Structure formats: structure tokens, C-alpha cells
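This report refers to the structure that appears directly beneath it.
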Amino acid sequence: MTEKSSKTKSFVLRIDTKTMDAIEKWAADEFRSINGQILYILDQALKKRGRKPR
């Protein structure tokens, strides 16, 4: 097992088409993958709420 895979978890995410389309466009605009964009959104939300683990 690689170092990266031991630090990440995979799961299935069900998301409606319009939201997915918006995330895809946003990711493309910021030169990120869709996965990278979703991680970015989650990271920013956790920081904003003071819940980001250290």
C-alpha cells in the first residue's frame, strides 16, 4: 500500500446532475480535477466552520 492510499478513503457519492455539472465547470475553470474540486470545497467548508482537523 502506498503512503497516499493509506491516508485517503474512497466512497460512492450520489449527486444530482445539475450540481455535478456545476462542479465540473467550476473544476475546469480552476484547472482542477472533479475530485480535487470536491476536496477543495469540503476543505474550505471545514475551515470556515472551525472543524478542519489539524
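Values in this document were obtained by computation on a predicted structure and should not be read as measured data.
Here the CE-CD distance, from M20 to E24, works out to 4.5 Å after rounding to the nearest 0.5 Å. Rounded to the nearest 0.5 Å, atoms NZ (K47) and NZ (K52) are 6.0 Å apart.
No continuous path of ILVMFWY side-chain contacts below 4.5 Å connects L39 to W26, so the two sit in separate hydrophobic clusters. By the criterion of side-chain heavy atoms lying less than 4.5 angstrom apart, applied directly or through intervening Ile, Leu, Val, Met, Phe, Trp or Tyr residues, Y40 is not grouped with F31; the two fall into different hydrophobic clusters. Residues I38 and V12 fall into different hydrophobic clusters, defined by Ile, Leu, Val, Met, Phe, Trp and Tyr side chains chained together at heavy-atom separations under 4.5 Å.
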inquiry  = side chain to side chain contact (heavy atoms under 4.5 Å, CB included) for I23 and I15? Distances and angles first, verdict last.
reply    = CA-CA 10 Å; I23 292 171; I15 191 165; 3.7 Å; yes
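Taking each heavy atom of S33 and A27 in turn, the nearest pair found is O-CB, 3.7 Å.
Using a cut-off of 4.0 Å between Lys/Arg side-chain N and Asp/Glu carboxylate O, D29 and K25 are scored as salt-bridged.
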